[in-house]
Structure formats: structure tokens, C-alpha cells
Asker: 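First the structure, which I've put down as C-alpha cells, then a few questions once you've had a look.
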Amino acid sequence: MKKLLLGNAALARGLYEAGCALASSYPGTPSTEVTEEAVKFNEIYCEWAPNEKVALETAFGASLAGKRAFCAMKHVGLNVAADPLFTISYTGVNAGLIINVADDPGMHSSQNEQDSRHYAKASKIPMLEPSDSQEALDFAKAAYEISEKFDTPVFIKMCTRVSHSQSIVELGERAEPPARPYEKNPQKYVMAPANAKKRHPFVEERTLKLSELAETSPLNKVEMGGTKLGIICDSTCYQYAKEVFGDEASILKLGMVWPFPPKLIKDFASKVERLVVLEELDPFIEDYVKSLGIKVEGKSLFPIVDEFSQSLVAEKFGKAAPAACKKIEGLPVRPPVMCAGCPHRGLFYTLARQKCTVLGDIGCYTLGAMPPLGAIDAVECMGASVSSIHGFNKATGGALAGKTVAVIGDSTFMHSGMTGLANIAYNQSDSTVIILDNSITGMTGHQQNPTTGYNIKGDPAGKINLEALIRSMGINRVRVVDPYNLKETEAAVKEELAAKEPSVIISRRPCALLKYVKANPPLQVNDQKCVGCKACMKIGCPAISFKGGKAFVDQTQCVGCGVCKQLCAKNAFEEQ
């Protein structure tokens, strides 16, 4: 049976067919859909973990128990999981363990453009990299076989274009291997120094064996065409090369991007007149090819930043881009903006009005940095806002504490904000942390988290009470506000900033896009009352625009939140 599948859905299908028993992940674009698709198979237990470190440790526990396991994350999430990652490389596995990491060249939804291939080399873990949906499925099966044969976790690296594109996939049946018995083996699994020293040589020997596998594995393939040009590539770059050159050039496609097959590369290089490495981001393959003493071009032709395209590849080789791949000019710009009725808008309006220095975090609320609100000063990574405000206030002796806040979402707080708040409670800075609780993990597409009371399937689950948790951590000042109520929100911000002790404000209002949230009737503007002062434009609501010098409300977008109504001194915004 054949089916058109998203790359992420195909990977999930591969997990199913390979007999995966457990998947634990943290949502992060572009990896999220793998676990969302895997949960559709009842044979796979799936969950959202609080963060990527926990997800990997959970998956390792399942592998240790003898069941094939999986975890998924985006590239920056791998940074969070790096702690167990390097040690699990030493311990190896019992049943197969796949770690899916999805890179985001072009930073469509990310704060950096890191190249996760470096993690494979650094942790000495093999990495497979599919270039389409069929390979995503097939590579999942191959990864489990490699994992169990070589006693290693295995990376499957995706990227935005593979994860979120569709191609035809040949479906198969599930073949669930028998559970592997767990046997107590502290020399293998207890990584105290004495045991770890004995495991390191095993890891080095394993890498050599994997390199030998790469020489003959069908994961790496040579497609000989014209010999004037030879291209070594991986992932989407293979697709671009094929679309631009067809059979004009010879191609060495690396489906296993670590460890490399030196003999295969040398043999391929000897058959072509000109050798070029086509790869996005860092010169990972190029540097290795050069280390073999082979003359090769790469980053001298192609940029080290941003994602590639067929047009770019054609341009750099002096060829015309395929007609179907030409860029369409003149398309309207669509800047990122918080949705109409977003509960974060009122909070950020208040912070901008108070001229606060705002240390931000990762999520929908990061958009509070965009004009016209411009209410966020710094954003680094998950949980950094809470840790950073403590350092900011300690460094300034608390002199700026009355004008400085940290903002973080409910899911992000559970991910990595709690430890920062523990530091504030323990080392006592007069820091005000605002948790924007929209009752969901918003930016990645409405996934549940430990504060929502529902699991990945939407079934009732354990629910963490934020107020009780925060108080138990030693924060005495905890209050909840409705960000749709601007007066209440402003009063809370002023009072907590004035307090000479740590405090937390929970800005609580469900995401306006949640299915169970019933919108109020849209507002309309009374042209007779509107004076065109544009005070309502300061909140940046996409439902409000100006026509003929008067405010205008788009009835299809407005959810009747009423925030604009509170800003209008002339009471021009009215209910229908």
C-alpha cells in the first residue's frame, strides 16, 4: 500500500513498523509531528515529557527494560538532552534506541541555526539523515537494527524541509521483536569513573566498526552520471542536486552522515574531474573530505548560513533554475504577530506602558518583542528569563529591580523555569517573574503539558498546581491576574515590582485559539465616536486597522476580548 505522507508522519510509521514500544518527546518545531503521529498507533506508548533531557532519559529507561524506544526534539532541544546523551553513548543500549533531532536551517521557528551533525561526532553516536518520506520510514527500521547490533543509540536527523514536505511512501506491516531481557550489569550501565574508563575503548572500537558498515551500507549510495562533476551531499541537498543536474553529474548521497566511509569517498572522488560538497550550514562533510587529502570545493561556493534551494544551487553552478523552482517575486510580507485575542497582548501592553525591562523566553510570547509593543529586551533559550533576571538584579544591587521583570510560559516554566525560580528563592533577589499561563503549549501547536491536566491523547492526567508549586519553592508572593483586565494587570505589576522580595504573577487566560474557548461577539467601531487617535493601534491586534482615518475591526478575526475597548477614551469600540 502506498500513501502520501509528511516526513514526520513517515518517520512515525517507521517506528510503528519497526516495533517501537515507547516514545517520549518534548514538542519543538519541526520535530513535533513525529510524536503526534506516533500516538495514533496504540502499540506505541507516547507521552510529552517536561523537557528533552527527561524525554531521552525516559526513552533510555525503556531501552534498558528491553523495549525499542524513541525520543524526538528540535536542534536546540538536543542541547538540553546533551547531559544524558554523552553518557548513554558509553553505556550503550539493551533494546534499540532512536534519538530524532530536527534542524531548522533558515531559522523558520528557532533562535539559532546550529548544525546537529556535530553532536553525532562529539558524542560518537551514528547519525542517519533521510532525504524524503520513504527514507524517513526506512531509516527508522535501519536505525533500530544498527542500534541493537552495535550497542548504541542512533540519531535520525531531520530538517524542516524533510519533516514538513510530503512524498509517496510504501507502507509495511508491524514487526515487533520480542522484548530483550533486562540483566543486571553495573559494569556496563553504572558510569562511575572505573567503569566509564573501560567503556570508552568500546565506544572507539564501535566507531571503527560503524565506519566499516558505512562503506557498504545502502544508506550511502553512489549514482553515477556525468563524470565532469561529482557532488557529495546529504538530506535536502540531494533533492536539490537531482533537480538541478539530473544525470549530468555523479552523486554520492550520504544517508549515514556519521561516521563517514573514507574508502567510498576516495573511490567516488577518483571517478570525477571536479568534486563539490553540497551541504547546508557547516562544512561538516567538506572538512572530513579535506582531511583525506582530497581536493574539494564547498563553502567557497555555497553560504554557511540559511537553507538552500534549487535556485541557489543552480545559481552557484552557473545554471538556470528549473522553471518550477523560480522564486515568486512581489508576494506580500507577513510579519509574525500575536493572534487576535491573544491573552499575552494585554500583559505586554502593560509592561510597555510601565517602561519595564523585560527578560523574555521561548514561546508565543516571544512575539511581544515585535512592534508596536516592543516589550521584550532579551531572549536566549528555554528558562533563561528566570535565571537571567536574578543575575541582572544581583549585578545591579537591586537598583533596577523595580523596573525589571521576567516573562515565561506555563509549559516553558515546567521545562526549565523551575530551577531558575529555585535560585531566586534560595539566593533571594527582589525579582518579579510573570508566568503567562495560556493553558497549553502554544507555539508548537497546542500540545498538553504538566499544568494542563491532560496527556498527549487528551485524556485526564496528573495536573501540577502552579500556585502551590511556587509557594512550596519558597516564594511567598504569588498572585493570579486576567490579562484581559488591564487595570487589574497594571495594579499587580506595580505592586509586585515595588515588593522587596521575590514574587510571581501568573497571567492566566486560555489561548484564544483553543477549541473549548468560546469567543465573544466581535466588536465594532462607532465612526461617530472615533477621533482617529490610534491609541488602539498600540496593542498591535491584527483585527484592528485604519480605514478613512478611523479604526476598523475585522469581524472575521475579532474574538471580543475587549482589550482595545479599555484603551479607547472615546468609547468608540462597541458590542454588536
Asker: With rounding to the nearest 0.5 Å, note down the distance linking CG in Leu137 to CG in Leu15.
Answerer: 9.0 Å
Asker: Could you go step by step and tell me if Thr412 and Tyr365 meet the side-chain hydrogen bond (donor to acceptor under 3.5 Å, both in side chains) rule?
Answerer: CA-CA 11 Å; Thr412 313; Tyr365 45 90; 2.8 Å; yes
Asker: Does the pair Lys319/Glu248 count as a salt bridge with the N-to-O cut at 4.0 Å?
Answerer: yes
Asker: If I compare all heavy atoms of Ile156 with all of Ala143, which pair ends up nearest, and what's the gap?
Answerer: CD1-CB, 4.0 Å
Asker: Is the Lys NZ or Arg CZ of Lys253 less than 6.0 Å from the centre of Tyr238's six-membered ring, within 45° of the axis?
Answerer: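 Judged by the rule, Lys253 and Tyr238 form a cation-pi pair.
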Asker: For Tyr26 and Ser411, does a side-chain donor sit closer than 3.5 Å to a side-chain acceptor?
Answerer: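 On atom types as modelled, these side chains qualify, holding a pair under 3.5 Å.
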Asker: Any donor-acceptor pair under 3.5 Å linking the side chain of Thr207 with the backbone of Val203?
Answerer: yes
Asker: Measure from the ring center of Tyr119 to the ring center of Phe155 and say whether it is less than 6.0 Å.
Answerer: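 They do not qualify: ring centres at least 6.0 Å apart.
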Asker: So, the side chain of Ser250 versus the backbone of Gly226: is there a donor-acceptor pair under 3.5 Å, distance only?
Answerer: yes
Asker: With a 3.5 Å cut-off and no angle check, do the side chains of Asn94 and Ser63 form a donor-acceptor pair?
Answerer: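 There is no such pair (donor and acceptor under 3.5 Å, judged by atom type) between the side chains of Asn94 and Ser63.
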Asker: Could you measure the distance from the CG atom of Leu278 to the CD atom of Glu297? Nearest 0.5 Å is fine.
Answerer: 12.0 Å
Asker: Between Asp361 (side chain) and Ile408 (backbone), is there a donor-acceptor pair under 3.5 Å?
Answerer: no
Asker: Tell me if the CD atom of Glu173 is crowded by more than 12 foreign heavy atoms within 6.0 Å.
Answerer: no
Asker: Look at Glu279 together with Lys299 and state whether they make a salt bridge at an N to O cut-off of under 4.0 Å.
Answerer: no
Asker: Can you tell me how far apart CZ (Arg161) and CG (Asp132) are? Round to the nearest 0.5 Å.
Answerer: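 Here the interatomic distance stands at 15.5 Å.
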Asker: I'd like to know if the side chain of Asp104 and the backbone of Ser109 have a donor-acceptor N/O pair within less than 3.5 Å.
Answerer: yes
Asker: Using the side chain to side chain contact (heavy atoms under 4.5 Å, CB included) rule, take Ile251 and Val222 through it: C-alpha gap first, then chi angles, then the decisive distance, then the call.
Answerer: CA-CA 6 Å; Ile251 294 176; Val222 174; over 6 Å; no
Asker: Can you tell whether the side chains of Arg174 and Glu43 come within less than 4.0 Å, N to carboxylate O?
Answerer: no
Asker: Is the backbone of Ala69 close enough, under 3.5 Å, to the side chain of Tyr144 for a donor and an acceptor to pair up by distance?
Answerer: yes
Asker: Taking all heavy atoms of Ala214 and all of Pro259, pick out the closest pair and write down the distance.
Answerer: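 Heavy atoms of Ala214 and Pro259 come nearest at CB-O, 3.7 Å.
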Asker: What's the verdict on side-chain hydrogen bond (donor to acceptor under 3.5 Å, both in side chains) for Asn51 and Ser416, showing C-alpha distance, side-chain angles and the deciding distance?
Answerer: CA-CA 7 Å; Asn51 64 28; Ser416 50; over 6 Å; no
Asker: Would Lys74 and Glu52 pass as an ion pair if we require N to O under 4.0 Å?
Answerer: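 Salt bridge flag = no for Glu52 with Lys74.
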Asker: Run the side chain to side chain contact (heavy atoms under 4.5 Å, CB included) test on Asn100 and Met158 for me, step by step, so that the C-alpha distance in whole Å, both residues' side-chain angles and the decisive distance to 0.1 Å come before the verdict.
Answerer: CA-CA 7 Å; Asn100 170 222; Met158 304 280 274; 3.4 Å; yes
Asker: Which is it for Ile168 and Lys3 under the side chain to side chain contact (heavy atoms under 4.5 Å, CB included) test, yes or no, and what are the steps along the way?
Answerer: CA-CA 6 Å; Ile168 297 293; Lys3 194 172 183 180; over 6 Å; no
Asker: State, yes or no, whether a side-chain contact exists between Leu252 and Cys233 at a heavy-atom distance under 4.5 Å.
Answerer: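 Of all side-chain heavy-atom pairs linking Cys233 with Leu252, none is under 4.5 Å.
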Asker: For the rings on Tyr240 and Phe245, is their centre-to-centre separation under 6.0 Å?
Answerer: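 No, too far apart.
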Asker: Under 6.0 Å between ring centres, would you say that holds for Phe202 and Tyr90?
Answerer: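 Between Tyr90 and Phe202, which both carry aromatic rings, the centre distance is not below 6.0 Å.
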Asker: For Lys263, is there an ion pair with Asp267 - N to carboxylate O distance below 4.0 angstrom?
Answerer: no
Asker: Could you walk me through whether Asn449 and His415 pass side-chain hydrogen bond (donor to acceptor under 3.5 Å, both in side chains), step by step?
Answerer: CA-CA 9 Å; Asn449 69 64; His415 179 285; over 6 Å; no
Asker: Does any donor atom in the side chain of His75 or Asn112 lie under 3.5 Å from an acceptor atom in the other side chain?
Answerer: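 Checked: His75/Asn112 side chains pair up, N/O donor to acceptor below 3.5 Å.
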Asker: Heavy atoms only: give me the nearest Val386-Gly417 pair and the separation to one decimal.
Answerer: CG1-O, 3.9 Å
Asker: Say you draw a straight line from CD1 of Ile265 to CG of Leu254; how long is it, rounded to the nearest 0.5 Å?
Answerer: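 Taking CD1 in Ile265 and CG in Leu254, the distance rounds to 5.5 Å.
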Asker: When you measure from the side chain of Thr152 to the backbone of Gly92, do you find a donor-acceptor pair of N or O atoms at a distance under 3.5 Å?
Answerer: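 No; judged by distance alone, with no hydrogens or angles, the pair does not exist.
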Asker: Do His108 and Glu307 have a side chain donor and acceptor closer than 3.5 Å?
Answerer: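 Yes.
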Asker: Looking only at side-chain N and O atoms, does Tyr45 offer a donor or acceptor that is under 3.5 Å from a partner on Glu47?
Answerer: yes
Asker: For Asp234, is there an ion pair with Arg117 - N to carboxylate O distance below 4.0 angstrom?
Answerer: yes
Asker: Do the side chain of Ser25 and the main chain of Cys71 share a donor and acceptor less than 3.5 angstrom apart?
Answerer: no
Asker: What about Phe260 and Phe284, are their ring centers closer than 6.0 Å?
Answerer: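 Yes; Phe284 has its ring centre under 6.0 Å from that of Phe260.
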Asker: I'd like to know whether Ile88 forms a side chain to side chain contact (heavy atoms under 4.5 Å, CB included) with Leu97, so could you lay out the CA-CA distance, the side-chain angles of the two residues, the decisive distance to 0.1 Å, and finally the verdict.
Answerer: CA-CA 10 Å; Ile88 291 171; Leu97 172 59; 4.2 Å; yes
Asker: Do any N or O atoms from the side chain of Gln239 and from the backbone of Ser131 form a donor-acceptor pair under 3.5 angstrom?
Answerer: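 Judged by distance alone, yes, a pair lies under 3.5 Å.
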Asker: Using every non-hydrogen atom in the two residues, find where Ser24 and Ala49 come nearest and quote the distance to one decimal.
Answerer: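 Closest approach of Ser24 to Ala49: OG-CB, 3.6 Å.
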Asker: Side chain of Gln448, backbone of Ile440: donor and acceptor closer than 3.5 Å?
Answerer: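 Here the side-chain-to-backbone pair does not exist.
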Asker: Return yes when atom CD of Glu205 has more than 12 non-hydrogen atoms of other residues, nucleotides or ligands closer than 6.0 Å, and no otherwise.
Answerer: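 For Glu205, atom CD is not crowded (no more than 12 foreign heavy atoms under 6.0 Å).
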Asker: Heavy atoms only: give me the nearest Lys188-Val93 pair and the separation to one decimal.
Answerer: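 Residues Lys188 and Val93, closest heavy atoms: NZ-O, 3.1 Å.
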Asker: First locate atom CG of Asp151, then atom OG1 of Thr91, and finally report the distance between them rounded to the nearest 0.5 Å.
Answerer: 7.5 Å
Asker: I'd like to know if the side chain of Ser31 reaches the main chain of Ala102, judged simply by a donor and an acceptor atom lying under 3.5 Å from each other, with no hydrogens or angles considered.
Answerer: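 A pair under 3.5 Å: no.
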Asker: Roughly how far, to the nearest 0.5 Å, is the CZ atom of Phe302 from the CD atom of Glu280?
Answerer: 11.0 Å
Asker: Start with the C-alpha distance between Gln114 and Asn79, add both sets of side-chain angles, then the distance that settles side-chain hydrogen bond (donor to acceptor under 3.5 Å, both in side chains), and finish with yes or no.
Answerer: CA-CA 10 Å; Gln114 74 187 47; Asn79 301 332; 3.0 Å; yes
Asker: Tell me whether Gln187 at atom CD has more than 12 heavy atoms from other residues, nucleotides or ligands lying less than 6.0 Å away.
Answerer: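 It does: Gln187 CD has more than 12 such atoms within range.
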Asker: Ring of Tyr16, cation from Arg13 - is the NZ or CZ under 6.0 Å from the centre and inside 45° of the axis?
Answerer: no
Asker: In terms of side-chain heavy atoms, does Arg206 have a donor or acceptor partner in Ser89 at a distance below 3.5 Å?
Answerer: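 Per modelled atom types, Arg206 and Ser89 side chains form a pair under 3.5 Å.
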Asker: Determine, for Lys67 against Glu176, whether the closest basic-nitrogen to carboxylate-oxygen distance falls under 4.0 angstrom.
Answerer: yes
Asker: What do you reckon, is NZ of Lys209 surrounded by more than 12 foreign heavy atoms closer than 6.0 Å?
Answerer: no
Asker: What heavy-atom pair brings Ser116 and Val101 nearest, and what distance separates the two atoms?
Answerer: OG-CG2, 3.4 Å
